[in-house]
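Reading through the structure tokens given below for one structure.
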Amino acid sequence: MAQAEAHAPAPAGARRPRVLFVAEAATLAHLARPAALMAALDAARVDCALACPEHARRFLGADTDRWLPLAAASDPAGFAARLLRGAPLFTVAELEAAVQADLALFERWRPDLVVGDFRLSLSVSARLAGVRYAAICNAYWSPYSPQRRLPVPVLGWTRYAPLALAQAGFDLLQPLLLAPHCRPLNALRAAHGLAPLGPDLRRIYTDADEVLYADSPALFPLPGAPATHRHLGPVLWSPPVAPPAWWHEPQGDRPAVYVTMGSSGDRHALEVVLDALEPLGVQVMVASAGQAAPRPRPWLRSADYLPGEAAAARAGLVVCNGGSPTSQQALAAGTPVLGICSNMDQMLNMRGLQAAGAGLALRADRVDAGRVRAAAAALLARADGAGRETLRRLGTTDFRARFVRFVDEATGLAPAPEARR
């Protein structure tokens, strides 16, 4: 990477600083960001490894030789099921087991810096081990985010309730509803003699020595955030897979649409989206991301995984679950986003994109072919040259350079500035 190569390597015979990335990998996003950040570092200057569960190892591509095995706090299927029910994502016992796995990993690998993505156990294990810890998070989860109102997620009952009434009830009961999600980590911290973080989910997700936000400050500003909370910018990553044979076929004259509902995608929502797109006369590329492939259609090309950045660049519209990884690929390519959102994270991300004119959000519990078709047609009409350039500026990222600078400061390879803007 250009920024890393601009620095001199560590002196001959000197021990390189050791940076350990720890990915919970409950969803692919939590592996993608550490993998992209590790690839930004120069191996001649920094010794790196990425610890993640075995099932995620194949997504490291050429970096599989720097993989370390890690027991997951929750398997992807169990995590998705809890998310769908609105249940706490981890139990105290699961987090305690993760703490012990972390400590064994630290003892074996001796890192100078740990960079974690949704590995909540690091709130305890890094402190017990005395290791400097940086957490990767999204800026809309920051305690310094000016957006304080959380959207009611899609739950079993929300499709039957008037949305305004459901949101009003959620606003009123939010402290009671979110407290169980904070309780496991607070109980774990108390058991290890650490102060509780309280009932604020934002503090649970961002408890670290430094917090690295994988978002654009233009979309998600954090006024008043301290120097220990910094934007890296959108962290772009595509799975290291060969494109399918159809990728090299002529595209034809139809406008292209890239559709993926992600590794936790809803098969029903995907079929609704495809039914909605058919009358628009588009060519559709689908990445099923490990889910069942959609029903074949003559204007549809599908694969398990696609090079997402390249697919977004080919398309006039990206349709996804509203999560940050795919929407950031779209913005970097200057392509508008239609988000079919189910959970709070997706809704918060799309709230920022929608406010910036970069996309539209639909709730998965209100989705039907008519709504999807109308939103897709409106966004396709925006995908002209000027519009794409405006979106591209929102998605422009220098996350590699920013992360290299952070690691240099954190490990002593470069002096930290007295003040940072």
Side-chain angles (χ1 to χ4, degrees), residues 1-6 19-43 45-53 55-68 70 111 113-119 122 134-139 208 210-217 219-220 230-241 260 262-263 287 289 305-313 318 320 323-333 345 349 392 394-408 410-411:
M1 305 307 165
Q3 177 70 18
E5 291 165 359
V19 179
L20 175 63
F21 296 85
V22 184
E24 180 58 39
T27 68
L28 194 51
H30 300 304
L31 174 75
R33 298 185 297 202
L37 294 177
M38 183 171 72
L41 298 178
D42 184 352
R45 304 179 68 247
V46 182
D47 191 7
C48 298
L50 196 160
C52 67
H55 74 265
R57 181 183 183 182
R58 65 190 180 107
F59 293 109
L60 297 185
D63 282 327
T64 52
D65 60 333
R66 296 198 282 180
W67 172 73
L68 298 173
L70 179 72
L113 171 68
V114 172
V115 180
D117 197 316
F118 210 63
R119 184 74 171 181
L122 292 171
I136 305 166
C137 194
N138 287 105
E210 283 94 8
V211 186
L212 308 174
Y213 294 110
D215 295 290
S216 165
L219 286 173
F220 301 100
R230 65 177 85 190
H231 284 91
L232 292 180
V235 176
L236 302 179
W237 176 89
S238 292
V241 295
T260 179
S263 57
Y305 292 94
L306 289 172
E309 292 164 75
V318 170
C320 64
S324 62
T326 303
S327 60
Q328 288 174 353
Q329 291 175 343
L331 289 189
D345 185 86
N349 179 64
R392 195 175 288 114
L394 287 173
T396 299
T397 178
D398 60 351
F399 74 89
R400 296 177 182 87
R402 292 183 181 187
F403 183 65
V404 169
R405 186 162 59 246
F406 163 72
V407 169
D408 282 359
T411 61

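What you see is a predicted model, and the numbers here were worked out from it, not measured in a lab. In this chain, numbering begins with 1 at the start of the sequence shown.
- The main-chain N or O of L236 is never found under 3.5 Å from a side-chain atom of Q329 such that the two would form a donor-acceptor pair.
- Residue L219 holds its CG atom at 8.5 Å from CD of Q328, rounded to the nearest 0.5 Å.
- Here the shortest heavy-atom pairing between V235 and A214 reads CG2-CB, 3.7 Å.
- For the ring-ring contact (aromatic ring centres under 6.0 Å, His included) criterion with H30, the lone passing option out of F118, W237, F21 is F118.
- Proximity of a side-chain donor or acceptor of T64 to a complementary backbone N or O of L60 within less than 3.5 Å is not detected.
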Assess whether side chain to side chain contact (heavy atoms under 4.5 Å, CB included) is satisfied between R230 and L212, documenting all intermediate values. CA-CA 5 Å; R230 65 177 85 190; L212 308 174; 3.8 Å; yes
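- Judged as a salt bridge (charged side-chain N to carboxylate O under 4.0 Å, His left out), and not counting sequence neighbours, D215 has no contacts.
- For C320 against T326, the heavy-atom pair with the smallest separation is CB-CG2, 3.8 Å.
- Residues V46 and T411 are not in side-chain contact: their nearest non-hydrogen atoms beyond the backbone lie 4.5 Å or more apart.
- When atom types are taken as modelled, the side chain of H231 and the backbone of A139 share no donor-acceptor pair closer than 3.5 angstrom.
- By the ring-ring contact (aromatic ring centres under 6.0 Å, His included) test, F59 pairs with Y305, sequence neighbours left out.
- Between V115 and F403 there is a side-chain heavy-atom pair separated by less than 4.5 Å.
- Summarising the geometry of S238 relative to G308, their closest heavy-atom pair is OG-N, 3.3 Å, with the distance given to 0.1 Å.
- A pairwise comparison of heavy atoms in A25 and H55 identifies O-NE2, 3.4 Å as the closest pair.
- Side chain of E210 to main chain of F406: no donor-acceptor pair is present (N/O by atom type, distance under 3.5 Å, no hydrogens or angles).
- Between P234 and L331 the shortest side-chain heavy-atom distance does not fall below 4.5 Å.
- Side-chain contact check for M38 versus R66: some heavy-atom pair is nearer than 4.5 Å.
- Between S324 and R33, the closest side-chain pair of non-hydrogen atoms falls below 4.5 Å.
- A pairwise comparison of heavy atoms in L70 and A51 identifies CD2-O, 3.8 Å as the closest pair.
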Show your reasoning for whether side chain to side chain contact (heavy atoms under 4.5 Å, CB included) applies to N138 and D345. CA-CA 9 Å; N138 287 105; D345 185 86; 4.0 Å; yes
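- In this structure a side-chain-to-backbone donor-acceptor pair under 3.5 Å is present from R392 to A333.
- Among all heavy-atom pairs drawn from D63 and A39, the shortest one is OD2-CB, 4.3 Å.
- Test L232, V404, V407, L50 against L37 for side-chain contact (heavy atoms from CB on, under 4.5 Å) and you get one pass: L232.
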